[in-house]
Amino acid sequence: MEKTATPTFKHIGSKLLNWYQKNARDLPFRQTKDPYKIWICEIVFQQTRINQGLNHYNNFIKRFPDVKTLAEAEENEVLLYWKGLGYYSRAINIHRAAQQIMNDYHGTFPHEYEEILKLKGVGKYTAAAVSSICFDGKIPAVDGNFYRVLSRIFADDFDISNSRAFNYFSELAHLILPDNVGDFNQAMMDLGSEICKPKNPLCGECPLHEDCLAFSLNKISEFPVKTKKVKAEDLSLKYYFVHRNGKFLIQQRKDDFIWKKLFEFPPVISDELISFIKSVKTVNHKLTHKNLSIEIFNVEVDSEDIWKDFIAENNFIVTDVEGSHERSFPKPLENYIQNYDTAYRIL
DNA sequence: AACCCGGGGAA
DNA sequence: TTCCCAGGGTT
C-alpha cells in the first residue's frame, strides 16, 4: 500500500499569530483579560462594526464597570446605554445574564465554556471567545470572519447561509488551530476586518496569501458562497405625538417584535383627541428586514380634561424633552423629539 | 432548520 | 442600492 501524506495546515495558524503580534488593532478591550469586559465587548460587537460600537462599549463599561453594578442596575438604564446600537434583546439579555452570574455563580464569572454558554444572550461564538481569551479555552470563535477567511484559504464553497455552516467551519478552523487560541481568534477578526475584507481584500498584504487556495486560483471574489438573500418587507406604523405645554405621552414597547422594550408614542388615540390633530409628518426609516413608513401625527391638546382622561385610560407616561433623555427611543422617534425640542425652544 | 431581530458604513 | 458586520433566540 502506498501511503499518502496527510496534509497539515498548522503552519497557517502560526503565520497568523506572527502577523497578529505586529498588526493587532489597538482596542480598549485588548488590554485586559477581565472576563466581564471581554463578555461585554463580545455582545456589543455582535453584528456591529468596531467603529460603530466603540463609544457605546466605553460608556457602558464606565457606567457598569463590573458584574455586580450591572446586575443591580435598572433594566431601563441598561437599555438607555444601548440606545442606537440595535438588536435590543442584547441589552435585556446582558442585564439578565449579570443577575445570573450573581445568583448562580456567586458573582464570579464562570470559567468553563459549557457554563459560559448557559448565560442569557451568550451563544457558541461568544462562549468560545470569552473562554479562549480569558481562560485559555481551546475553542475557535467562529464568526463571519472565520467563514470568509477559511472559505478563501481552502477555496471551499460550503454555503455560509446554511445552518450547518458553524459546525462545518469550526472543523476547518481546527485544521489550522494553534495552541494560543485566544490570540488566534482575535487574529482572525483583525485579518478579516483589515485584510481579508468582504470586498477588495488586500491580498498583497495578507500573511496567508501563499497558503490561500482561492488567491492562487484567482477566485477570491467567489468566496464565501452565500445563497440566502435578505429581503426587506414594507411596514406602516402610526404614532400620535400627544403634547400639551411641553409635555408629551409615551409608553414602553413589549419585548417582542421590533425595538424591544424601547419607548414610543401612543399608537392610537381617543376620538376626543382627533380634533386636536394639527399636522402629520411621514418618516421613512430602513431597518435590515423592514422598510418602515411612519406617520407621526402632531396632536396639540387644548383641553386639560381630555388630556387627563386620555392619560388615565391608557396609563401613558407623561414626559418632556428633558425627561426623554432618560429613556431609550427608536431612532426615528428620537429624531422627532429632537425636532420638537428645536421648535418648542423657538416658541 | 428556518426565521426574526437594528443600525450604520463601505462600495 | 446592496452587502454585511466580534450572533443569538424563538419556533
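The chains referred to below are lettered A, B, ... by the order of the sequence lines, with proteins before strands, and numbering in each begins at 1.
By the side-chain hydrogen bond (donor to acceptor under 3.5 Å, both in side chains) test, A:Tyr125 is found to be paired with A:Glu42, residues two or more places apart in sequence or in another chain being considered. In this structure A:Asp320 satisfies the salt bridge (charged side-chain N to carboxylate O under 4.0 Å, His left out) test together with A:Lys247, sequence neighbours excluded. A search for salt bridge (charged side-chain N to carboxylate O under 4.0 Å, His left out) contacts involving A:Arg253 returns A:Glu264, not counting sequence neighbours. The ring pair (Phe, Tyr, Trp, His ring centres under 6.0 Å) check on A:Tyr81 picks up A:Phe64, with sequence neighbours excluded. Applying the side-chain hydrogen bond (donor to acceptor under 3.5 Å, both in side chains) test to A:Asp26 and every residue at least two apart in sequence or in another chain returns A:Gln31.
Counting non-hydrogen atoms under 4.0 angstrom, A:Arg30 reaches a base of the nucleic acid. Backbone-only engagement by A:Lys290 is indicated by non-hydrogen atom pairs under 4.0 Å involving sugar-phosphate atoms exclusively. Looking at heavy-atom distances under 4.0 Å, A:Phe166 makes no contact with the nucleic acid at all. As judged by a 4.0 angstrom heavy-atom cut-off over every strand, A:Arg148 is placed among residues touching the sugar-phosphate backbone only.
Here the range on DNA chain B touched by chain A, meaning any atom under 4.0 Å from one of its heavy atoms, is B:dA1 to B:dA11.
Listed by first and then second residue, the side chain to side chain donor-acceptor pair (under 3.5 Å) pairs that reach into residues 113-124 of chain A are A:Tyr105-A:Glu115, A:Glu115-A:Lys118, sequence neighbours excluded. Listed by first then second residue, pairs satisfying side chain to side chain donor-acceptor pair (under 3.5 Å) with a partner in residues 206-215 of chain A read A:His11-A:Asp211, A:Lys15-A:Asp211, not counting sequence neighbours.
A:Phe329 has its side chain out of reach of A:Trp259: every pair of non-hydrogen atoms, C-beta onward, lies at least 4.5 Å apart.
For C:dG9 and B:dG8, the P atoms lie 24 Å apart once the distance is rounded to whole Å. Spacing between B:dA11 and C:dA6 at atom C1', rounded to whole Å, works out to 22 Å. Taking atom P in both C:dG8 and B:dG9, the straight-line distance is 23 Å, to the nearest Å.
Taking the six-membered ring for Trp and the full ring otherwise, the centers of A:Tyr168 and A:Phe158 sit less than 6.0 Å from each other. Ring centroids of A:Phe109 and A:Tyr36 are separated by 6.0 Å or more, keeping the two rings apart.
Contacts between residues 62-85 of chain A and DNA chain C, counted as heavy-atom distances below 4.0 Å, involve no residue at all. Heavy-atom distances under 4.0 Å link DNA chain C to A:Thr126, A:Asp143, A:Gly144, A:Asn145 of residues 126-145 of chain A, given in residue order.
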Anything under 3.5 Å between a protein N or O and an N or O of nucleotides 9-11 of chain C, put it in a table, one pair a line.
residue: C:dG9; atom: OP1; partner: A:Gly121; partner atom: N; Å: 2.7

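Listed candidates were C:dG7, C:dA6, C:dC4. Nearest to the side chain of A:Gln46 is C:dG7.
Although no hydrogens or angles enter the test, the distance criterion places a donor-acceptor pair under 3.5 Å between the side chain of A:His95 and the main chain of A:Ala73.
The closest side-chain donor-acceptor pair between A:Ser324 and A:Thr319, if any, does not fall under 3.5 angstrom.
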Determine all donor-acceptor pairs shorter than 3.5 Å in which one atom belongs to a side chain in residues 193-208 of chain A; sequence neighbours excluded.
residue: A:Ser193; atom: OG; partner: A:Arg25; partner atom: NH1; Å: 3.1

